[in-house]
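Input: a single structure, listed below in structure tokens.
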Amino acid sequence: MSALTFTASQEAAIDDVDSTLQLIACAGSGKTQVLAQRIARILAQPGVRPGNVIAFTFTEKAAAELKERVHSVVRSEIGEATGLAEMFIGTMHGYCLDLLQTYVPETFKYGVLTDITQQLLIDRESRRSGLTTCTKMVQGVETPLKRYLDTRTYRTALSVLQEDDVDFSRVRDVVIESLGSYRELLDYRKYFDYTSMMVDAVEFLKRVQQQDDLTSSERVLRDHVRDEVRYVIVDEYQDVNPIQERLVERLVHYGANLCVVGDDDQTIYQWRGSEVSNIITFANRYADVRTIELAENFRSSKGVVELGRTVAQRLNSSERLSKKMLYASHQEWHRGDLLALQFGDVHEEAEWIAQRILDLQGMPFVDKPGAAPRGLSWSDCAVLFRSVKDADAVVDELKRRKIPFIIKGLARLFDAAEIQACVGLFEYMMGEISASDLRARWDLAALIPDASRWAKLIAVLDDGADFGKSDRWGTYNIQRLYLKALEALGLREETVPGDARRRELVMYQLGKFSQAISDFEAIHFSSAPDRKYEAFVKFLQFQAPGVYEESDEDAGYVQPDAVVISTVHRAKGLQWPAVFIPFLRQGRFPMRGMGGVQVIPHIIAEDAVANGARYKGGISDETRLFYVAVTRAQKYLYVSYAPGEKRGQGKASEFYLHCTASSWMSTSDEGLPDAERLEPTPKLETPNIAISFSELKYLFDCPYQFKLRFMYGFNPPIHEALGYGKGLHDALAEMHKRALAGDVPSSDEAEALVDRHLHTPYAYPALREQLHRAAVEAIDRYFDRHGGDLTLTIHSEKQISVDIAPGVSVSGRIDLIKSLETDETAIVDFKSTARSQDEDVTRDQLAIYALGYEELSGASADRIQILNLDDQGKSTNDPVDPSLIAGIKQKVASVADDIRANHFVCMHDHSADGAFDDLVGLMPTGAGAGKS
DNA sequence: AATGACGTTTTTTTT
DNA sequence: AAACGTCATT
């Protein structure tokens, strides 16, 4: 596709920016490139601005890729374009959250619950969350849901109830009441979960579109959707669920152009609510739909394409759109490229796979038509499983042969010896294990750099377990205790025993543990200390092991050259020259139906949900999954099966048998052809690097701290005043936004503004009051000094994004852009703590803001101000300096190179730097020591 | 038709 | 910090 020649249907899809479009894109059809071209075509029209376009993707990763492609097409076809950051390319969740936090002031302060924090919240407040008031019907008997045990099912029930098309008259009253009390709890604790951010956004859009008595911000949103949203594009449309479809309908309500892209044969998330009928009946539901089929497969050899086609044909023609998939790539099929093999047991199977991976090394492979062949390497091979739990034999064999691999989708963090050592810290504190047990665990993990420090560690733990020493619950901060424990041991990257690789791996694990603490403490921060630590240990023992994935080398920006072991689900959208699909055993793939309590029918009756049966899954869903697996292969495809020991594990899967019946497949291995081997060279993929303002600040300050925080995942302890700065920010944002809408707030609203925006969930009552008073004073002061300028607001909270170099972008928000009485334009950044910072860094930050404004508007700002909201704080007002701006580009680009090279050196003398309190114990002690 | 062993997935979504 | 449905076997 580098030559940028398109097929007739691709051309049609790119050119038609006016019809309601339905693109049926088969596997490997170059859909992302087509979308990028189409978006560029849209932007090239007179009168169209980037802000008129919304493109939804399924994942953040897909969004980053599409964004990068759009930018590169725009650069080459239109040249410089401004305001590209105004175009939304991202997930629907991201869009909804953004919408709420831009237009609904009451929600500015809301935080977002992840799966884990949501589960923790539901369990902690098991009654108020509706968990234990909800019941399940098992064989006609109604029993209440149980704390911890049924939480998972309850969470799914909550999302089905809210995201699907539900007939509530068929839902039992207790279930509806539980949902109500969960929603109240979320509201009370000021949280969104992944469901409520969608539901609330759709509700809000609906109200704005149907009612007349609107507030100023509601009017702004209505006008925005009516006048600004002109093109809506939805990728992976086959995986859209009912609430997402409702969102799309709302956005095109005033006639915006809609283009959906998908392949019904690749619907693999039905168990999560994906509704295939959205794509199948699309042409009936929208008027004047033009359907274009992107049938050419540019990815795979003829053999793979033909096999894929026959797999898809196993589906009932009534449940799929009739379509073709045509071989159109340069990959040639040779007899023996596709094998279906049977082995005596799983070990033989694993041995063969490992051997074939070795044999493939250096095999010539051509990535693109006309390109020079390269030798295949580890990362060109993938082993795909229905469930990655079946991967043990393959994993062992690859380890044995020292073949590098990364495994995705296995929650194994808590199997690691390092993590068990960390868990031990808290088990010791709670008296569950003895000091010598603890010592044994740390010895097992080979993690004690200096045995003389052991007594220090014990002292820290004993002190931490003394719950009588203070009445302030905030004293018993788990994260701080963890960091203190590591410090007591003297455990830092430089002191971890072993080589550099092991040191890095251990730091990743310890960082992940820090993340687990943050998750727990976000919910349990204000519990009585002894009960909190007790609950934490239970969390570590029972819940956490099933949740956290082991960190691998994939965590950073550096792509390792390693064999990929993955589930089929995670492989969607990816491709490899060689794909293995082992373990094709009856009952595994296709996976046999599941027992146990299910949301449908045990909590919600099947007939209460439109097409509720889809959550159960069936043979069609498994077939589509197998179709996805097969079509990942570019050339070599090896499916295999081996019987297991136990009964019921002896038979081959019907998918395996299907493959053996294909004339493109061989059922015996005749060896690879005698091609001359080349030097194995992994496909070079420069990862896109997207950094936010705040991350950049850390990078400039101290690259090693950046690595600790954002790559290893270490989190600072929760501060009790957390939320104060954000509250001020949000109050100011509302003031400026209302001013923009012509609804200028007056100084007597200060108190109300603070009430609405200040949320300090971790503060004890006295602190909370104190923060409240301080906030009201700060807002009063702002009205006093700047109230008259409110009408001069140009933008509030403006999202900006700067492409520094190809593949490197920096994004963030500018607090305020306003015009001055002097007729100059100023960029304003609010500061709310008097924390002193390196003068240099602040100037860098200012330069980024200036750059961002230029990118946004095409014009340059005149002044940059830092406005300190504190009473005594220092503010600044500087000119925009062109030489500074040129310098910053250079600086960011070099920082990006460091990220790509995994090079995060710290030049600081941390002992002299107050800003690094939190993680100072993990900083290298040697670095910068020579500095005065 | 009744019994008992067996296994119990998949995973995205925010700063 | 459990109990259920499914499937193979009899």
Side-chain angles (χ1 to χ4, degrees), chain A residues 56-63 90-98 100-101 110-115 117-118 123 136-139 141 143 145-153 155-156 159 163 191-198 236 239-241 243-244 267-274 384-390 408-411 522 535 538-539 541-543 545-547 549 566-573 586-598 601-602 615-617 621-622 624-625 628-629 644 646-651 692-695 710 715 726 811-813:
Chain A
F56 290 128
T57 59
F58 197 58
T59 64
E60 277 303 322
K61 203 174 145 219
T91 64
M92 294 203 195
H93 290 87
Y95 183 84
C96 289
L97 186 62
D98 206 45
L100 291 165
Q101 303 205 319
Y110 275 49
V112 175
L113 292 174
T114 63
D115 282 349
T117 49
Q118 185 195 24
D123 281 331
K136 56 186 170 189
M137 293 296 291
V138 178
Q139 290 170 340
V141 184
T143 42
L145 296 187
K146 293 207 174 109
R147 200 177 183 185
Y148 308 119
L149 256 37
D150 292 312
T151 314
R152 234 185 118 94
T153 319
R155 285 200 299 133
T156 336
S159 62
E163 297 196 22
Y191 280 123
F192 285 126
D193 62 20
Y194 293 131
T195 293
S196 71
M197 66 177 78
M198 300 269 321
E236 305 284 9
D239 277 325
V240 157
N241 74 13
I243 186 93
Q244 293 170 326
T267 309
I268 58 174
Y269 288 107
Q270 74 301 322
W271 47 271
R272 219 164 70 183
S274 297
L384 304 183
F385 291 92
R386 172 68 240 264
S387 162
V388 87
K389 284 174 183 152
D390 294 338
K408 300 183 175 205
L410 209 48
K538 296 286 175 241
F539 168 70
Q541 291 170 339
F542 293 103
Q543 291 187 298
V547 169
E549 286 184 18
S566 156
T567 60
V568 182
H569 284 91
R570 287 207 187 189
K572 191 181 185 191
Q586 193 179 75
R588 295 306 300 171
F589 198 0
M591 183 77 81
R592 76 146 175 245
M594 252 229 310
V597 175
Q598 304 291 313
H602 299 108
Y615 283 95
K616 197 159 176 273
D621 302 304
E622 297 290 315
R624 284 188 271 263
L625 200 55
V628 168
K646 294 175 178 157
R647 72 186 185 125
Q649 298 184 342
K651 290 185 187 158
S692 69
F693 281 0
S694 49
E695 288 170 333
F710 300 108
N715 285 315
K726 176 149 179 29
S811 60
R813 273 200 180 132

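Order of the sequence lines sets the chain letters (A, B, ...), proteins ahead of strands, with each chain counted from 1. Computed over heavy atoms, backbone and side chain alike; hydrogens, waters and symmetry mates excluded.
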### Query
Using the P atom in both, what is the distance from dT9(B) to dC7(C), to the nearest Å?
15 Å

### Query
Quick one: is dG5(C) close enough that its OP1 or OP2 comes under 4.0 Å of any side-chain N or O from His602(A)?
yes

### Summary
Sorted by position of nearest nucleotide on DNA chain B, 5' first, the leading residue of Arg813(A) and Val388(A) is Val388(A)

### Task
Ignoring the backbone of His569(A), work out which of dG5(C), dT11(B), dT6(C) is nearest its side chain.
dT11(B)

### Task
Please determine, for dT10(B), whether a Watson-Crick or G-U wobble partner exists with both distances under 3.5 Å, and give it or none.
none

### Task
Check every atom of dT11(B), dA3(C), dT9(B) against the side chain of Arg152(A) and return the nucleotide holding the closest atom.
dT11(B)

### Task
Give a yes/no answer on whether the side chain of Thr91(A) brings an N or O atom under 4.0 Å of OP1 or OP2 in dT13(B).
no

### Query
With no hydrogens and no angle check, is any side-chain donor or acceptor of Gln118(A) less than 3.5 Å from a backbone partner on Asp115(A)?
no

### Query
Which part of the nucleic acid, if any, lies within contact of Gln139(A), taking any heavy atom under 4.0 Å across all strands shown: a base, the sugar-phosphate backbone alone, or nothing?
sugar-phosphate

### Query
Which part of the nucleic acid, if any, lies within contact of Val568(A), taking any heavy atom under 4.0 Å across all strands shown: a base, the sugar-phosphate backbone alone, or nothing?
nothing

### Task
Please determine if a side-chain N or O atom of Ser694(A) lies less than 4.0 Å away from the OP1 or OP2 oxygen of dT15(B).
no

### Gap between atoms CG and P, on Leu145(A) and dC4(C) respectively (whole Å)
12 Å

### Task
Tell me, yes or no, whether the heavy-atom count around Lys616(A) atom NZ, taken from other residues, nucleotides or ligands under 6.0 Å, exceeds 12.
no

### Cationic N near anionic O, under 4.0 Å, Asp98(A) to Arg813(A)
yes

### Message
Students often mix this up, so state it plainly: with edges at 30° and 60°, are the rings of Phe56(A) and Tyr95(A) parallel, tilted or perpendicular?
### Response
perpendicular

#### Entry: Selected nucleotide, minimal atom distance to Trp271(A) side chain, candidates dT11(B), dT14(B), dT6(C)
dT11(B)

#### Entry: 5' priority, DNA chain C, between Gly595(A) and Gln586(A) [closest heavy atom]
Gly595(A)

### Query
Looking at dC4(C), dT10(B), dT14(B), which one has an atom nearest to any side-chain atom of Val597(A)?
dC4(C)

### Message
Please pick, from dC4(C), dT11(B), dC6(B), the nucleotide with the shortest atom-to-atom distance to any side-chain atom of Arg592(A).
### Response
dC6(B)

### Task
Report the distance from atom CZ of Phe58(A) to atom P of dT13(B), rounded to the nearest whole Å.
8 Å

### Query
Hey, does Asp115(A) reach any base, or is it just sugar-phosphate, or nothing, if we go heavy atoms under 4.0 Å?
base

## Note on the structure
Side-chain contact check for Thr114(A): nearest option of dT12(B), dT10(B), dT14(B) is dT14(B)

### Query
Checking Thr156(A) side chain against Arg152(A) main chain: does a donor-acceptor pair fall under 3.5 Å?
yes

### Message
Please report the distance, rounded to the nearest Å, between NZ in Lys408(A) and P in dT11(B).
### Response
11 Å

### Query
Can you tell which of dT14(B), dT11(B), dT9(B) lies closest to the side chain of Lys389(A)?
dT9(B)

### Task
May I have the distance from Glu236(A) (atom CD) to dT11(B) (atom P), rounded to whole angstrom?
15 Å

### Query
Is the shortest side-chain N/O distance from Lys146(A) to OP1 or OP2 of dA3(C) below 4.0 Å?
yes

### Query
Under 4.0 angstrom, heavy atoms only, what part of the nucleic acid is Lys538(A) near: base, sugar-phosphate, or nothing?
base

### Query
Expressed in whole Å, how much space separates the C1' atoms belonging to dA3(C) and dT13(B)?
31 Å

### Task
Would you indicate whether the side-chain heavy atoms of Val240(A) and Phe58(A) approach each other to under 4.5 Å?
no

### Query
Taking the six-membered ring for Trp, does Tyr194(A) stack with dT14(B) (centroid gap under 5.5 Å, planes within less than 30°)?
no

### Query
In whole angstrom, what separates Phe192(A)'s CZ from dT14(B)'s P?
14 Å

### Query
Is Lys572(A) salt-bridged to Asp239(A), going by a charged N under 4.0 Å from an acidic O?
yes

### Task
Quickly work out the Leu113(A) CG to dT12(B) P distance and round it to whole Å.
18 Å

### Message
Over all strands shown, is Gln649(A) touching base, sugar-phosphate only, or nothing at heavy-atom distances under 4.0 angstrom?
### Response
sugar-phosphate

### Query
Lys136(A) has an atom NZ; how far is it from atom C1' of dA3(C), in whole Å?
7 Å

### Query
So what does Glu60(A) hit on the nucleic acid, given a heavy-atom distance under 4.0 Å: a base, only sugar-phosphate, or nothing?
sugar-phosphate

### Query
Using the ring of each side chain (for Trp, its six-membered ring), is His569(A) parallel, tilted or perpendicular to Trp271(A), with breaks at 30° and 60°?
perpendicular

### Query
Rounding to a whole Å, what distance do you find between Asp239(A):CG and dT13(B):C1'?
13 Å

### Task
Would you indicate what Arg386(A) reaches in the nucleic acid, counting non-hydrogen atoms under 4.0 angstrom: base, sugar-phosphate, or nothing?
base

### Query
Which part of the nucleic acid does Gly94(A) contact within heavy-atom distance under 4.0 Å: base, sugar-phosphate only, or nothing?
sugar-phosphate

### Nearest-neighbour nucleotide for the Thr59(A) side chain, dG7(B), dT13(B), dC4(C) considered
dT13(B)

